[in-house]
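Note that ligands are numbered from 1 as they come in the structure, with each ligand's atoms numbered from 1 the same way.
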Amino acid sequence: MPAIDRPRLLQLPTKILGKRCVLRPYRSGDGAAVFSAVMEDVEELMQWMSWPKNHKGADDSENYVRDMAGKWQTREALVMGIFSLDEKTLYGGTGFHGFDWSVPSLEIGWYLRKSARGQGIATEAVSLCCTLAFDHMKVNRVWGSCDALNEKSAKLFERVGFAREAHLRGERRDHHGAVRDSFVYGMLARDWSARAGASN
Ligand SMILES: CC(C)(COP(=O)(O)OP(=O)(O)OC[C@H]1O[C@@H](n2cnc3c(N)ncnc32)[C@H](O)[C@@H]1OP(=O)(O)O)[C@@H](O)C(=O)NCCC(=O)NCCS
């Protein structure tokens, strides 16, 4: 896989359709839906991520989606909303927020609103992200990390086919001030191809 020299010139889809959900970049007007999704279970989200604390009102969420819409264009973040098939309900968000275009390697992240969990929606959304990364963008590696106690995220990585590459002990302080362990998971293009071949 060659390096991606000018990521802003990559042609990216405006919508990715799955069987249970649709992914698309955020746009102006999505803020109210993001705020409602975050508020559904902000305590659970705050256990694992710091950004929900920035969403104190719908305007904060609108500011966030406009920021993400801009960063989609500049490739500083490739974050998408996870929507129902009719696009009327926002289930959560996923996408890429860390990049080494020379590899190319992308860091993935996600959340689901409480009412959307337990149905395989995140599994499908993350698989669609892998399709975007490996089949469309032709990257070498997708990786991510989660708190070692974040069982739902660890299971999600493993369900999609990521390999646990590291258990980093006492490597960071979380936003509550506790020193925490992290798991690092990765998937290579060749892993993704092997999975696709095995399921055909
Ligand atoms: C991480 C998170 C997205 C996982 O959500 P999830 O609902 O467990 O994941 P999925 O949508 O893929 O659903 C999988 C669950 O649905 C079940 N399921 C039902 N139908 C399914 C299907 N067709 N395919 C796959 N799973 C299915 C699975 O058995 C699984 O249940 P289990 O965990 O009890 O085994 C969610 O817990 C979350 O938003 N957490 C807070 C945010 C967070 O931690 N972000 C990451 C920070 S690093």
Side-chain angles (χ1 to χ4, degrees), residues 16-24 26 30 33-55 61 64-65 68 77-85 87 89-99 105-133 141-187 192 195-196 198-199:
I16 309 175
L17 182 61
K19 292 194 176 83
R20 292 181 187 76
C21 62
V22 179
L23 308 187
R24 69 154 172 80
Y26 287 124
D30 285 334
V34 169
F35 186 64
S36 132
V38 169
M39 284 304 114
E40 209 170 274
D41 192 17
V42 69
E43 293 305 321
E44 165 74 8
L45 296 180
M46 289 282 294
Q47 197 179 337
W48 309 119
M49 305 178 300
S50 63
W51 62 264
K53 75 173 183 303
N54 302 326
H55 294 244
S61 303
Y64 166 79
V65 297
M68 288 302 130
L78 295 174
V79 170
M80 295 168 282
I82 307 170
F83 290 88
S84 56
L85 291 175
E87 293 188 49
T89 305
L90 178 75
Y91 292 144
T94 188
F96 305 108
H97 52 85
F99 306 90
S105 163
L106 312 179
E107 181 179 358
I108 194 166
W110 51 61
Y111 79 96
L112 278 187
R113 70 190 306 154
K114 185 175 185 179
S115 54
R117 293 180 201 152
Q119 305 163 52
I121 292 170
T123 303
E124 177 169 87
V126 173
S127 300
L128 291 172
C129 282
C130 288
T131 303
L132 172 67
R141 173 176 165 81
V142 173
W143 72 280
S145 66
C146 65
D147 190 295
L149 292 178
N150 189 342
E151 288 175 20
K152 293 288 183 189
S153 285
K155 277 173 78 173
L156 175 55
F157 274 122
E158 287 164 17
R159 244 190 332 268
V160 177
F162 285 76
R164 188 187 292 177
E165 298 176 334
H167 178 168
L168 305 177
R169 297 174 303 153
E171 63 102 14
R172 72 193 166 83
R173 202 173 281 284
D174 72 11
H175 56 282
H176 301 295
V179 173
R180 301 288 322 134
D181 291 10
S182 297
F183 292 148
V184 176
Y185 284 89
M187 170 112 67
W192 182 249
R195 285 181 74 79
S199 64

- Message: Distance under 4.0 Å to a non-hydrogen atom of W48: what atoms of ligand 1 satisfy this?
- Response: 44 (O)
- Would you say the side chain of M68 lies within less than 4.5 Å of the side chain of D30, judging by non-hydrogen atoms? no
- Numbering as shown, the atoms of ligand 1 that approach S145 to under 4.0 Å (heavy-atom distance): 48 (S)
- Item | atom 46 (C) of ligand 1: the protein heavy-atom neighbour that sits closest, reported with distance to 0.1 Å | S153 OG, 3.3 Å
- Message: Once rounded to the nearest 0.5 Å, what's the spacing between atom CG of D147 and atom OG of S153?
- Response: 9.5 Å
- How close does the nearest protein non-hydrogen atom get to atom 13 (O) of ligand 1, and which residue and atom is it? G120 N, 3.0 Å
- Query: Among protein heavy atoms, which sits nearest to atom 22 (C) of ligand 1, and what does the distance come to when rounded to 0.1 Å?
  - Reply: R20 NH2, 3.6 Å
- Short N/O distance, under 3.5 Å, between L156 and ligand 1? no
- Tell me which protein heavy atom sits closest to atom 45 (N) of ligand 1, plus the residue, atom name and distance to 0.1 Å. W110 O, 2.9 Å
- Task: Kindly identify the option in L112, T123, I108 whose heavy atom sits closest to atom 12 (O) of ligand 1.
- Result: T123
- Quick one: are the ring centres of W110 and F157 less than 6.0 Å apart? yes
- Message: Taking only non-hydrogen atoms of E124, do any sit less than 4.0 angstrom from ligand 1?
- Response: no
- Message: Measuring from atom 20 (N) of ligand 1, which candidate in Q119, R159, K114, M49 has the nearest non-hydrogen atom?
- Response: Q119
- E44 N/O under 3.5 Å from ligand 1 N/O: no
- Message: With nothing but distance in play, are any N or O atoms of K155 less than 3.5 Å from an N or O of ligand 1?
- Response: yes
- Query: Is there a protein heavy atom at a distance of less than 4.0 Å from atom 31 (O) of ligand 1?
  - Reply: no
- Query: Of the protein's non-hydrogen atoms, which lies at the shortest distance from atom 44 (O) of ligand 1, and what is that distance?
  - Reply: N150 ND2, 2.9 Å
- Message: Minimum distance, heavy atoms only, to atom 11 (O) of ligand 1: which one of A122, C146, G144 is it?
- Response: A122
- Quiz item: cation-pi between R24 and F83, 6.0 Å / 45°: yes
- Separation of L132 CG from L23 CG (nearest 0.5 Å): 8.5 Å
- R113 touching ligand 1 at heavy-atom level, < 4.0 angstrom: no
- Query: What about K152: any of its N or O atoms under 3.5 Å from an N or O on ligand 1?
  - Reply: yes
- How long is the span from the CD atom in Q47 to the CG atom in L149, to the nearest 0.5 Å? 8.0 Å
- Query: Do the ring planes of Y64 and H55 sit parallel (below 30°), tilted (30 to 60°) or perpendicular (above 60°)?
  - Reply: perpendicular
- Answer whether the closest heavy-atom distance between the side chains of V126 and L156 falls below 4.5 Å. yes
- Below 4.0 angstrom from a heavy atom of L45, which ligand 1 atoms are there? Numbered from 1 as shown, please. 41 (C), 42 (C)
- Counting each atom of ligand 1 from 1 as listed, which ones have a heavy atom of I121 under 4.0 Å away? 10 (P), 11 (O)
- Query: Would you say atom 39 (O) of ligand 1 has a protein heavy atom nearer than 4.0 Å?
  - Reply: yes
- Item | Check against side chain to side chain contact (heavy atoms under 4.5 Å, CB included), W48 and C146 | CA-CA 8 Å; W48 309 119; C146 65; over 6 Å; no
- Query: Taking side chain as C-beta onward, heavy atoms only, is R172 less than 4.5 Å from D174?
  - Reply: yes
- Query: Is any side-chain heavy atom of I108 closer than 4.5 Å to a side-chain heavy atom of Y185?
  - Reply: no
- Which residue holds the protein heavy atom closest to atom 19 (C) of ligand 1, what is that atom called, and what is the gap in Å? G118 O, 3.5 Å
- Ion pair check, K152 and E44, cut-off under 4.0 Å: no
- Measure from the side-chain N and O atoms of R164 to the backbone N and O of F183, and report whether any donor-acceptor pair falls under 3.5 Å. no
